[in-house]
Amino acid sequence: DTEVTQTPKHLVMGMTNKKSLKCEQHMGHRAMYWYKQKAKKPPELMFVYSYEKLSINESVPSRFSPECPNSSLLNLHLHALQPEDSALYLCASSPPGGQGIREQYFGPGTRLTVT
Amino acid sequence: DQQVKQNSPSLSVQEGRISILNCDYTNSMFDYFLWYKKYPAEGPTFLISISSIKDKNEDGRFTVFLNKSAKHLSLHIVPSQPGDSAVYFCAASERYGGSQGNLIFGKGTKLSVKP
């Protein structure tokens, strides 16, 4: 099973709404990531969780709040977003670094539109 | 400053011929390289990777070549098929340093394979 699942697939929210994006993997991966991707751009790293602890926050505004409830789940809580935050939000996971494998496996993404 | 560069935004190839996608990097600490394929509105799909201790890795129709002295890698697809039409991202990571294990993506090359 090399699948990373993300819900919802599409999300439209107003600037005053609070919503959450969810990501799940059952591959035993201990690193999980949130990326943001705008059209015709590469994925841009937002957060990294390693063994359920936040290890990297790439200077992301506080209106994005990540959470890792357990080793299989990753959430991204959204509040007071701006229209420019509209993008494809991708979750990824990778095996523990000691295995020498650094491939990240991506989910299908959540297409977020902020109105 | 872009550490991973894909200088060709697009490439058009005839079905059955070879597709060659190129990638250059500037960070000599990168020691692991990956290629991802992405369809519109989907997450990137891992294709093939190569460690810096090798100069070639092959998987079916896909071969990645690494030239460390030139800081250059390429992805060869032979034979190309219409289903290969997608955006291809080159990515790199370094084992040590501030971004250890994280992927740095190029801007992508859009491959079109014409029947």
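Below, read A as the first sequence line, B as the second, and so on, with proteins coming before strands; counting in each chain starts at 1. Both backbone and side-chain heavy atoms feed into the values below; hydrogens, waters and symmetry mates do not.
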So how far is it from [X] [atom1] to [Y] [atom2], rounded to the nearest 0.5 Å?
{"X": "B/Asn102", "Y": "A/Ser55", "atom1": "CG", "atom2": "OG", "answer": "7.0 Å"}
{"X": "A/Gln37", "Y": "B/Phe105", "atom1": "CD", "atom2": "CZ", "answer": "8.5 Å"}
{"X": "A/Glu103", "Y": "B/Leu47", "atom1": "CD", "atom2": "CG", "answer": "11.0 Å"}

Of the non-hydrogen atoms in [X] and [Y], which two are nearest, and what is the gap between them?
{"X": "B/Pro44", "Y": "A/Leu90", "value": "CD-CD1, 3.7 Å"}
{"X": "B/Phe46", "Y": "A/Gln104", "value": "CB-O, 4.4 Å"}
{"X": "A/Arg102", "Y": "B/Leu103", "value": "O-CD2, 4.1 Å"}

So, the part of B/Lys38 with a heavy atom under 4.5 Å from chain A: the answer is side chain
Turns out that what part of B/Tyr36 lies under 4.5 Å from chain A's heavy atoms comes down to side chain
How about [atom1] on [X], more than 12 heavy atoms from neighbouring residues, nucleotides or ligands closer than 6.0 Å, or not?
{"X": "A/Lys41", "atom1": "NZ", "answer": "no"}
{"X": "B/Arg17", "atom1": "CZ", "answer": "no"}
{"X": "B/Lys5", "atom1": "NZ", "answer": "no"}

Quick check on the hydrophobic clustering: are [X] and [Y] connected, directly or via other members, by side-chain heavy-atom contacts under 4.5 Å?
{"X": "A/Phe106", "Y": "A/Phe47", "answer": "no"}
{"X": "B/Val13", "Y": "B/Phe65", "answer": "no"}
{"X": "B/Phe62", "Y": "B/Leu11", "answer": "yes"}
{"X": "B/Phe33", "Y": "B/Val64", "answer": "yes"}

Interface check, chain B: of A/Gly109, A/Pro43, A/Ser50, most non-hydrogen pairs under 4.5 Å belong to A/Pro43
Compare all side-chain heavy atoms of B/Lys107 with those of A/Pro42 and state whether any distance is below 4.5 angstrom.
-> yes
